[in-house]
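The structure appears below as structure tokens.
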Amino acid sequence: MIKSKEELVQLWQNQDKEGLARLSETEDGRAFLCRLLVECGTFEAIHETEPAEAAWLEGRRSIGLWVLNELEAADNERRGAKLLECFGAAGRFLGMILRRQADKKTSMEVLVNGGDK
């Protein structure tokens, strides 16, 4: 049966979250994710003065932040906490920020959709 676009997107998002959760459960998976986050410059401040270079670095960093956000969303049982612990205090702080953002997003969805979502 052909699904609607929204159903397909939701299915893909759920599969991605489950895959990330499983990946973060293994030592090799956590090592890969940590390397990915480091390569993206996730925890680095952008000090570049050249606009094109700064935009490229910030775009790279946004991928790392997206991965962290997806991990947090997939982390119903705190499975991703081990991954964030790889980064010590910075990882714990970022985890806290991601949770706050998710709470704000949920609050906004309730306001916009009247609790339908």
Side-chain angles (χ1 to χ4, degrees):
M1 180 165 146
I2 298 178
K3 297 183 180 222
S4 71
K5 179 182 174 184
E6 292 80 18
E7 289 174 317
L8 285 173
V9 168
Q10 187 64 45
L11 176 67
W12 292 334
Q13 288 173 340
N14 289 340
Q15 289 174 339
D16 288 350
K17 287 176 184 172
E18 282 301 310
L20 277 171
R22 283 192 306 274
L23 190 61
S24 70
E25 289 174 346
T26 67
E27 188 174 332
D28 289 340
R30 286 190 300 274
F32 170 78
L33 289 168
C34 285
R35 172 78 191 263
L36 176 67
L37 296 174
V38 168
E39 288 297 318
C40 288
T42 306
F43 299 108
E44 295 175 19
I46 307 298
H47 298 292
E48 181 62 47
T49 57
E50 176 65 34
E53 181 70 14
W56 184 81
L57 290 170
E58 191 56 43
R60 195 175 120 219
R61 184 173 172 268
S62 73
I63 295 298
L65 293 173
W66 176 79
V67 169
L68 279 175
N69 192 45
E70 291 298 300
L71 270 169
E72 187 67 27
D75 190 20
N76 296 330
E77 299 169 7
R78 303 300 309 140
R79 292 180 285 195
K82 289 182 182 178
L83 178 69
L84 291 177
E85 287 172 5
C86 294
F87 296 100
R92 288 189 296 279
F93 177 73
L94 191 52
M96 178 187 68
I97 297 297
L98 290 170
R99 284 188 293 282
R100 285 182 182 172
Q101 284 180 324
D103 290 344
K104 286 180 184 177
K105 180 180 177 188
T106 301
S107 298
M108 290 302 296
E109 288 173 347
V110 168
L111 287 173
V112 171
N113 298 321
D116 293 338
K117 199 162 187 179

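No experiment lies behind these values; they were computed from the predicted model shown.
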Show, in sequence, the C-alpha distance, side-chain angles and deciding distance for Phe43 and Leu68, and conclude whether the side chain to side chain contact (heavy atoms under 4.5 Å, CB included) test is met. CA-CA 11 Å; Phe43 299 108; Leu68 279 175; 4.1 Å; yes
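A chain of hydrophobic side-chain contacts below 4.5 Å, direct or via other Ile, Leu, Val, Met, Phe, Trp or Tyr residues, connects Trp66 to Leu36.
Note that CZ of Arg60 and CD1 of Ile46 are 7.5 Å apart. Values are rounded to the nearest 0.5 Å. Atom-to-atom distance recorded for Leu11:CG and Glu6:CD is 13.0 Å, nearest 0.5 angstrom.
Here the side chain of Glu70 pairs no donor or acceptor atom with the backbone of Val67 at under 3.5 angstrom.
With a 4.5 Å cut-off on side-chain heavy atoms, Leu20 and Leu33 count as touching. For the pair Thr26/Phe32, no side-chain contact is recorded, criterion being any heavy-atom separation below 4.5 Å from C-beta on.
Ion pairing of Arg61 with Glu58 is present here, as a side-chain N (NZ or NE/NH1/NH2) and a carboxylate O approach within less than 4.0 Å.
The nearest pair of heavy atoms linking Val38 to Glu44 is O-OE2, 4.2 Å. Taking every heavy atom of both residues into account, Thr42 and Gly64 meet most closely at OG1-CA, 3.3 Å.
The neighbour count for Gln15 CD, taken as heavy atoms of other residues, nucleotides or ligands under 6.0 Å away, is above 12.
Side-chain contact annotation: Gln10 with Asn14, donor-acceptor N/O pair under 3.5 Å present.
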